[in-house]
**Q** 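Below is the structure I would like to discuss, written out as structure tokens.
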Amino acid sequence: MRYYSLNNHDIKVSFKEAAITGIARDKGLYFPESIPQLDNDFIDNIENYSPAEIALKAISPFVGDEIPQDELKRIVAETLSFDFPVVKVEEGVYSLELFHGPTMAFKDVGARFMSRCLDYFTKGENKKITILVATSGDTGGAVASGFLGVEGIDVVILYPSGKVSPVQEMQLTAMGQNITALEVSGTFDDCQDMVKQAFLDEELMDVRLTSANSINIARWLPQMFYYFLAYKELKALGKPLAISVPSGNFGNICAGMMAKKIGLPIAHFIASTNANDTVPRFMKTQQYKPEATVETISNAMDVSNPSNFVRILELFGESLTAELTSYGFTDAETLQTIKKLYTENGYLADPHGAVGYLGLKKFLAENPGHAGVFLETAHPVKFPDSIEKTLGIGIPLPEQIKSVMEGNKKSVEISSYGELKDFLKEKHQPK
Ligand SMILES: *Cc1c(COP(=O)(O)O)cnc(C)c1O
């Protein structure tokens with residue numbers, strides 16, 4: 001499979017090059033040059049396949065022969081080495097729990113898949129790749145965990161000081177080895193701007209920078225797996241399926257929409273956002289007007305200019321309104337919902353999952369007859385402030401969090417692009 005730049009369809013590269021470079025030279029996001037089609041027989045009999053078999057079917061055409069099937073099979077199996085339960089919350093409403101991986105957020109799957117692909121592609125090379133990534137919360141931890149100890153790859157994570165939760169902060173600062181955390185005095189958008197500037201900087205060309213945000217196809221595409229797993233679990237209900245995705249940079253929902261495009265029968269997608277509601281406003285007015293990013297309690301979705309939205313437009317263009325509905329919700333509504341889910345449904349949701357539930361319920365109220373799923377994208381323990389204040393309960397630390405919290409925070413404080421540049425140059429002086 002080849003991938004073109006969304007800025008210029010004549011620029012085409014292999015899966016390998018797209019995964020290693022992250023973004024095209026003209027700064028366009030990569031997009032597959034053709035849309036593969038899964039055979040109906042597989043979809044009709046999906047319940048007979050294991051998660052790893054399903055994932056292999058879905059991803060293979062996107063990788064082509066650039067990774068041999070047996071290697072890809074191993075990569076997929078290692079990527080999915082934990083559970084993805086579908087939990088009934090109330091009649092017709094299900095939670096797809098994506099937080100049972102090592103860092104307890106859904107980004108583990110993309111990060112684990114991408115790290116194994118890069119590991120495969122860089123074996124035997126003697127030049128290091130540096131992953132440079134800005135995080136609003138969960139990306140940093142998932143990338144740190146996914147790439148920890150991978151030879152030939154250094155990871156540099158920028159995060160906004162004081163704006164990530166304590167668990168999130170430890171997950172990205174306490175890893176050591178090939179992982180470095182840069183603590184930026186500023187917002188997530190400042191971090192993202194610095195990363196973008198570094199990718200553009202001619203003087204850093206020698207450093208071989210790549211990204212591990214969802215703009216990277218090797219992190220974006222494996223997120224299709226979730227939608228296949230949800231469909232497999234709920235197919236027997238025999239109802240059209242509506243899936244609500246708590247969305248920030250819109251990588252996850254865009255992967256779901258790609259899954260539909262290659263043949264998965266999902267009836268409708270709901271992009272649920274917090275107060276950063278550029279897309280809900282766009283769907284109403286057809287005007288794309290990002291405003292300044294607002295801080296919310298669902299901090300992993302504090303993104304006002306979602307990178308992946310251009311891919312969604314490429315996928316569905318004019319027919320987008322038939323596929324996608326989008327709603328934004330306030331923090332007050334989110335907290336109220338966390339409380340309602342806990343007291344009335346006995347379900348403990350995190351703020352992101354609660355936003356997903358809100359969007360789903362709103363859609364179902366207007367469009368009865370569907371079965372609904374919302375993605376529960378993070379474990380509530382990652383957001384103890386909202387949970388403890390709202391519900392008055394503490395959440396016991398799961399094992400994988402406990403061990404991280406016992407580590408030592410180590411970060412390098414920076415406040416300008418110049419400092420980032422110096423850091424990257426220094427780090428990559430030939431020894
Ligand atoms: C990253 C993240 C999101 C948003 O996902 P996108 O792919 O950026 O839209 C939602 N919830 C949690 C917990 C996240 O970490």
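Each ligand, and each atom within it, is numbered from 1 in the order the structure gives. Start at 1 with the first residue, then count along the sequence.
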**Q** Please identify each residue that fulfils salt bridge (Lys or Arg N to Asp or Glu O under 4.0 Å) with Lys163, with sequence neighbours left out.
**A**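 Lys163: no salt bridge (Lys or Arg N to Asp or Glu O under 4.0 Å) contacts found.
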**Q** When you measure from the centre of the six-membered ring of Phe316, is the NZ or CZ of Lys261 under 6.0 Å away and within 45° of the axis?
**A**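 So Lys261 does make the cation-pi contact.
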**Q** The criterion is side-chain contact (heavy atoms from CB on, under 4.5 Å); which residues satisfy it with Leu348, sequence neighbours excluded?
**A**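 Listed in chain order: Tyr342, Pro380, Ile387, Leu391, Ile393, Ile395.
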**Q** Distances only, to 0.1 Å: what are the N or O pairs between ligand 1 and the protein that fall under 3.5 Å?
**A**
residue: ligand 1; atom: 7 (O); partner: Gly251; partner atom: N; Å: 3.2
residue: ligand 1; atom: 7 (O); partner: Asn252; partner atom: N; Å: 2.9
residue: ligand 1; atom: 8 (O); partner: Asn249; partner atom: N; Å: 2.8
residue: ligand 1; atom: 9 (O); partner: Gly248; partner atom: N; Å: 2.8
residue: ligand 1; atom: 9 (O); partner: Asn249; partner atom: N; Å: 3.2
residue: ligand 1; atom: 9 (O); partner: Phe250; partner atom: N; Å: 2.8
residue: ligand 1; atom: 11 (N); partner: Thr377; partner atom: OG1; Å: 2.8
residue: ligand 1; atom: 15 (O); partner: Lys107; partner atom: NZ; Å: 2.5
residue: ligand 1; atom: 15 (O); partner: Asp138; partner atom: OD2; Å: 2.6

**Q** Could you go through the salt bridge (charged side-chain N to carboxylate O under 4.0 Å, His left out) check for Glu333 and Lys362 one step at a time?
**A** CA-CA 12 Å; Glu333 290 170 305; Lys362 190 161 176 174; over 6 Å; no
**Q** Aromatic rings Tyr357 and Phe374: how do their planes relate, parallel, tilted or perpendicular, breaks at 30° and 60°?
**A**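 Correct class here is perpendicular.
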**Q** List for me each residue that meets side chain to side chain donor-acceptor pair (under 3.5 Å) alongside Glu91, sequence neighbours excluded, and say none if there are none.
**A**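 If we apply the side chain to side chain donor-acceptor pair (under 3.5 Å) test to Glu91, skipping adjacent residues, the hits are Lys88.
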